[in-house]
Amino acid sequence: MPGNYSEKVMEHFKNPRNVGEIPNPDGTGHVGNPVCGDIMEMYIKVKDNVIVDAKFKTFGCGAAIATSSMVTELVKGKTIDEALKISNQTVIDALDGLPPVKRHCSVLAEDALKSAIDDYLKKSTGQGLPGFKPHTEEHHG
Amino acid sequence: MPGNYSEKVMEHFKNPRNVGEIPNPDGTGHVGNPVCGDIMEMYIKVKDNVIVDAKFKTFGCGAAIATSSMVTELVKGKTIDEALKISNQTVIDALDGLPPVKRHCSVLAEDALKSAIDDYLKKSTGQGLPGFKPHTEEHHG
Amino acid sequence: MDRIYLDYAATTPALPEVIAGMLPYFKDNYGNPSSIHSFGQEAKAAIDSSREKIAKSIGAKAEEIVFTSGGTESDNFALEGVAFKNQEKGNHIIVSKIEHHAVLECAEFLGKHGFEVTTLPVDRFGVVNPEDLKKVLTDKTILVSIMHANNEIGTIQPIAELSKIAKEKGIYFHTDAVQSFGHLPINVDKLGIDLLSLSGHKFYGPKGIGALYIKKGTRMVPFLHGGGQERNRRASTENVPGIVGMGIASEIVHLNLTDEINRETVLRDKLINAILKNIPDTILNGHPTERLPNNANFSIKYIEGESILLNLDMLGIAGSSGSACTSGSLDPSHVLLSIGLPHEIAHGSLRLTLGRFTEEKEIDYVIENLPPIVEKLRAMSPIYKKES
Amino acid sequence: MDRIYLDYAATTPALPEVIAGMLPYFKDNYGNPSSIHSFGQEAKAAIDSSREKIAKSIGAKAEEIVFTSGGTESDNFALEGVAFKNQEKGNHIIVSKIEHHAVLECAEFLGKHGFEVTTLPVDRFGVVNPEDLKKVLTDKTILVSIMHANNEIGTIQPIAELSKIAKEKGIYFHTDAVQSFGHLPINVDKLGIDLLSLSGHKFYGPKGIGALYIKKGTRMVPFLHGGGQERNRRASTENVPGIVGMGIASEIVHLNLTDEINRETVLRDKLINAILKNIPDTILNGHPTERLPNNANFSIKYIEGESILLNLDMLGIAGSSGSACTSGSLDPSHVLLSIGLPHEIAHGSLRLTLGRFTEEKEIDYVIENLPPIVEKLRAMSPIYKKES
Ligand SMILES: Cc1ncc(COP(=O)(O)O)c(C=O)c1O
Ligand SMILES: Cc1ncc(COP(=O)(O)O)c(C=O)c1O
């Protein structure tokens with residue numbers, strides 16, 4: 001497979017799920033920066049504490065796109081508490097692995113989700129995710 | 001050709017002329033040393049100032065054997081004066097050239113001849129070749 | 001359609017004549033060229049003849065060519081060989097910012113071991129200004145290394161002008177011609193250089209073989225220490241098939257070089273013009289005219305290079321983003337940053353490099369298929385949304 | 001009779017399977033392993049699989065294998081890589097007197113650039129005494145390099161014993177296994193070493209490819225500086241066909257290694273016994289039993305080596321005198337001098353090394369034809385006359 005990616009990664013890269021924006025989202029996450037070459041935006045719609053919709057936009061490599069796609073898939077239908085249990089390793093496993101140099105993309109995807117939840121909590125409860133700070137400093141490789 | 005030798009060199013190496021010793025020689029030359037890996041002994045028989053016979057024994061590489069053989073061939077029938085004009089270059093030319101790393105063998109062959117003439121002159125006139133000093137110090141390569 | 005290979009700057013296939021020429025030296029004439037017996041002498045004759053071919057192709061003498069394991073070793077050899085030999089004379093080395101890593105990383109190594117390294121900037125096209133070189137020369141400068149043509153953006157340097165400045169002060173001049181050999185005519189005297197690096201697999205020879213031209217009289221130490229091969233300048237049993245293959249390749253690429261340059265230039269320009277026209281927010285990197293005939297390098301704004309490559313690969317098109325040698329990390333290319341691109345634009349670069357087997361229909365296929373890929377990725381891009 | 005090749009220690013033919021395995025990587029799967037597209041990934045898969053094969057053959061992990069351009073580069077890499085990285089820790093390096101030039105000359109280079117080099121003597125069989133190693137270790141010692149088996153006289157060193165001494169003091173241990181690989185079973189853990197050099201063309205792989213085993217955790221700098229290949233440990237586009245060929249060769253030589261060792265040992269001993277018996281004033285160089293199964297090295301007194309080789313060559317027999325790597329100069333071998341031979345006896349050495357394709361009738365032919373050659377040359381020798 002190109003770039004040492006699993007078939008699952010390539011499949012999500014080819015046909016990314018949930019691309020786009022949600023108008024009037026309940027939470028928005030924005031992580032990454034152009035210096036690193038990865039930027040992810042995540043939008044969630046929450047009803048009765050359940051994430052009923054999730055979408056993303058990503059500037060980045062194949063792994064960045066595939067992890068974004070996968071995390072939006074994983075999160076749909078989950079409660080906020082369940083969603084917070086999705087770690088970067090959950091994403092990696094769901095994608096049948098990532099090449100070591102691309103693990104940071106899964107971290108970014110986890111962060112994008114947490115950041116969206118953080119935003120949702122702030123808006124709905126006035127208080128964000130306790131202790132949450134995205135790993136935006138992390139650099140490639 | 002093996003060792004980058006000319007056909008002429010190989011021919012003299014295969015069938016060296018004038019191998020052996022001359023009993024009661026009129027002149028004997030002994031040059032080279034085992035450290036360098038080349039030792040030549042040359043014997044000449046002189047009649048009326050003409051070298052009527054020449055023989056050699058050589059411990060050494062292909063070029064050492066071929067140059068010894070060639071120099072004995074070149075010298076036979078020559079007067080002492082004519083023989084002294086045989087330089088290492090004469091030997092090289094007669095052999096259609098030598099690889100650069102083997103030029104010292106031709107020097108040794110010239111020296112062996114001169115040394116035999118020197119010995120002959122000393123024995124016959126009480127005085128050796130003016131200024132003659134073999135290049136025995138010269139090292140390989 | 002077969003797969004379309006547009007990554008000739010990364011590596012090239014070995015020509016059929018090259019492979020055929022190498023074969024006997026694997027199985028029948030497998031002797032070690034240092035051996036005195038017939039097996040060895042056959043091998044020796046083969047490498048001598050190949051040396052002649054390489055020398056001839058750059059206007060050098062056979063004894064000025066030393067075979068190496070590739071472009072990297074040639075570059076390292078040039079720098080370290082001169083540096084460690086001329087240390088009493090001086091410890092200052094000058095390189096350009098857009099050298100290949102094989103020069104830059106080696107200079108960095110030397111920088112840690114007693115040498116001073118000055119890195120010259122380039123303009124927005126990737127060209128070194130001779131005036132800049134003049135300014136940084138000191139009486140401690142022993143070597144200037146500036147590449148002939150850049151591997152990423154294809155820019156050709158004014159080597160003759162630059163080398164003249166060094167020569168006037170008696171400073172050695174090295175040029176990395178790994179990308180230009182076989183794509184531009186090269187003459188070492190006209191370039192006025194002392195050292196020149198080549199790599200076989202960049203011009204249809206095999207991988208793992210290269211050469212360094214060392215002008216007669218250049219004082220340097222060996223890089224590989226050991227046996228007396230290559231007249232004591234490069235130890236190790238010679239890669240006989242590789243040497244033979246590289247020699248054949250050098251002959252073939254020079255047979256009809258001008259025709260091939262013209263042919264590739266036409267295709268390259270067709271590609272460049274179509275992409276710039278059909279895809280908005282796209283720029284050409286490198287010099288508009290002083291560039292390799294086979295190099296096209298774009299920055300496609302708002303999207304990232306690897307994603308483009310993967311999409312192209314899905315359609316059977318092989319391209320590259322930044323130098324193939326470092327694409328494993330996908331750090332933004334130092335070359336693109338040096339010509340002044342911001343990071344996100346550097347991340348979105350696409351290099352397509354042409355070769356002898358590139359056909360017009362392949363170029364057409366790329367022209368047709370790249371725009372939808374870009375559109376799809378831009379639709380997904382959070383920065384495209386905001387800025388457009 | 002065909003030509004008889006008895007110079008397997010100089011180099012070996014590439015096996016048909018090796019050549020067949022390499023071919024696709026010259027022409028169809030010619031991609032650069034660093035490239036992300038399918039051409040590149042095919043090449044990458046090929047080198048990864050080859051790395052597994054090499055690793056398995058010496059009991060190492062795949063990531064501990066770095067591919068190089070040959071035995072010389074592996075040796076230079078081991079020495080310079082460790083030296084330049086561990087310079088703050090210490091600057092003392094220990095080698096043996098009978099190392100290959102690739103180690104000795106590299107040590108000499110380091111000796112000129114801030115390092116102290118101690119050279120250990122050997123006994124008359126060419127064996128390093130572990131007690132001698134103990135005595136010269138200091139708290140500045142960072143590396144010991146002692147070869148597994150000698151290329152000229154075939155002597156095998158007590159590596160496990162020697163490496164233990166170094167390990168106890170936390171000193172890196174390198175062994176040059178270029179001659180032993182494929183002729184002796186090798187296990188890096190049992191040998192207790194940190195670094196081990198291999199060269200493909202010595203075991204029926206292609207020329208121009210080698211490997212260095214680097215035990216996980218070994219601190220060293222790259223030798224070739226440049227791109228990020230080989231996990232940043234060895235820059236330069238990988239010699240994919242070479243790597244593939246070496247991998248195949250390593251598998252094949254290990255398939256039936258014990259049988260082949262036994263077969264060669266029988267032939268070797270037949271040769272040794274016959275020569276010692278039939279040619280007076282002849283001695284066997286190297287250890288009588290602790291020697292490579294394919295190595296026979298004689299000193300034939302009163303005559304010179306090249307003359308013997310030329311005469312053998314005329315009969316179609318390929319042998320060597322001293323190391324093939326240096327036979328161009330025919331300086332008396334440093335190995336033979338180190339085991340105490342006087343110059344003139346060192347000059348008269350003959351090395352015959354056997355391999356997979358050596359047949360008994362070839363050995364018989366040599367046994368039959370060598371004595372008359374010796375006789376002829378002795379009849380011509382001024383020293384024979386005097387001493388006999
Ligand atoms: C300009 C330049 N120099 C040096 C190199 C290194 O050559 P190689 O990979 O053959 O060692 C390359 C190619 O990777 C190159 O493009
Ligand atoms: C023991 C030993 N080490 C190193 C080398 C060098 O290997 P290469 O010539 O492949 O660089 C050789 C062979 O020449 C050798 O026999």
Side-chain angles (χ1 to χ4, degrees), chain C residues 3 5 7 10-14 16 19 23 26-27 30-32 34-39 69-73 75-76 84 100-102 105-106 109 113 201 206-209 221 224-229 235-242 306 309-310 313 318-320 324-329, chain D residues 3 5 7 10-14 16 19 23 26-27 30-32 34-39 69-73 75-76 84 100-102 105-106 109 113 201 206-209 221 224-229 235-242 306 309-310 313 318-320 324-329:
Chain C
R3 292 190 293 179
Y5 189 73
D7 203 7
T11 192
T12 63
I19 301 173
L23 277 178
F26 285 118
K27 49 182 184 188
Y30 56 82
N32 186 320
S34 296
S35 301
I36 205 167
H37 47 64
S38 59
F39 295 87
S69 66
T72 301
E73 186 186 324
D75 285 345
N76 282 225
F84 286 121
H100 190 268
H101 284 290
E105 297 275 323
C106 188
F109 169 76
H113 293 278
H201 72 99
K207 295 176 175 60
I209 189 76
V221 294
L224 279 180
H225 307 281
Q229 291 92 348
S236 194
T237 303
E238 297 87 341
N239 177 351
V240 183
E306 193 200 273
L309 295 186
L310 290 173
D313 189 56
S320 123
C325 295
T326 52
S327 72
S329 81
Chain D
R3 292 190 293 179
Y5 188 73
D7 204 6
T11 193
T12 62
I19 301 173
L23 277 180
F26 285 118
K27 50 181 181 190
Y30 56 83
N32 186 322
S34 296
S35 301
I36 205 167
H37 47 64
S38 59
F39 295 87
S69 67
T72 300
E73 186 185 323
D75 285 346
N76 281 224
F84 285 122
H100 190 267
H101 284 290
E105 298 275 323
C106 188
F109 168 76
H113 293 277
H201 71 99
K207 294 177 174 60
I209 189 75
V221 293
L224 280 180
H225 307 280
Q229 292 92 348
S236 194
T237 303
E238 297 87 340
N239 177 351
V240 183
E306 192 200 275
L309 294 186
L310 290 173
D313 188 57
S320 123
C325 297
T326 51
S327 72
S329 80

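Computed from a predicted model, the values in this text were never measured in an experiment.
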**Message:** If you count heavy-atom pairs within less than 4.5 Å of chain C, which of Ser236(D), Gly242(D), Gly31(D) leads?
**Reply:**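 Maximum pair count with chain C is reached by Ser236(D).
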
**Leading residue by heavy atom contact count with chain C [cutoff under 4.5 Å; candidates Gly70(D), Ser38(D), Gly208(D), Gly71(D)]** =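 Highest number of heavy-atom pairs under 4.5 Å: Ser38(D).
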
**Asked** What part of Ile19(D) lies closer than 4.5 angstrom to a heavy atom of chain C: side chain, backbone, both or neither?
**Response**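 Just the side chain, heavy atoms under 4.5 Å.
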
**Region of Ile209(D) that comes under 4.5 Å of a non-hydrogen atom in chain C** =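 No part of it gets close to chain C.
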
**Asked** Relative to the ring of Phe26(D), is the ring of Phe26(C) parallel (under 30°), tilted (30 to 60°) or perpendicular (over 60°)?
**Response**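 Tilted, since the angle between the ring planes falls between 30° and 60°.
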
**Asked** Hey, which of Val221(C), Leu310(C), Thr12(C) has the most heavy atom pairs under 4.5 Å with chain D?
**Response**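 Result: the option with the highest number of such pairs is Thr12(C).
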
**Message:** Pair Glu73(C), Leu224(D) - check side chain to side chain contact (heavy atoms under 4.5 Å, CB included), show working.
**Reply:** CA-CA 6 Å; Glu73(C) 186 186 324; Leu224(D) 280 180; 3.9 Å; yes

**Request:** Specify the closest pair of heavy atoms between Glu105(C) and Gly226(D), including all atoms of both residues, with the distance to one decimal.
**Result:**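 Minimum heavy-atom separation between Glu105(C) and Gly226(D): CG-O, 3.4 Å.
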
**Asked** How far apart are the closest heavy atoms of Asn76(C) and His225(D), and which atoms are they?
**Response**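 Looks like OD1-N, 2.7 Å.
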
**Test log, rule side chain to side chain contact (heavy atoms under 4.5 Å, CB included), inputs His201(C) and Tyr30(D)** = CA-CA 9 Å; His201(C) 72 99; Tyr30(D) 56 83; over 6 Å; no

**Message:** Less than 4.5 Å to any heavy atom of chain D: does that hold for the side chain of Asp313(C), its backbone, both, or neither?
**Reply:**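 The side chain, not the backbone.
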
**Prompt:** Roughly how far, to the nearest 0.5 Å, is the NE2 atom of His113(D) from the CZ atom of Phe84(C)?
**Reply:**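 So the gap between those two atoms works out to 5.5 Å.
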
**Message:** Measuring from atom CG of Asn32(D) to atom OG of Ser320(C), what distance do you get when rounded to the nearest 0.5 angstrom?
**Reply:**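 Nearest 0.5 Å value for the CG-OG distance: 9.5 Å.
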
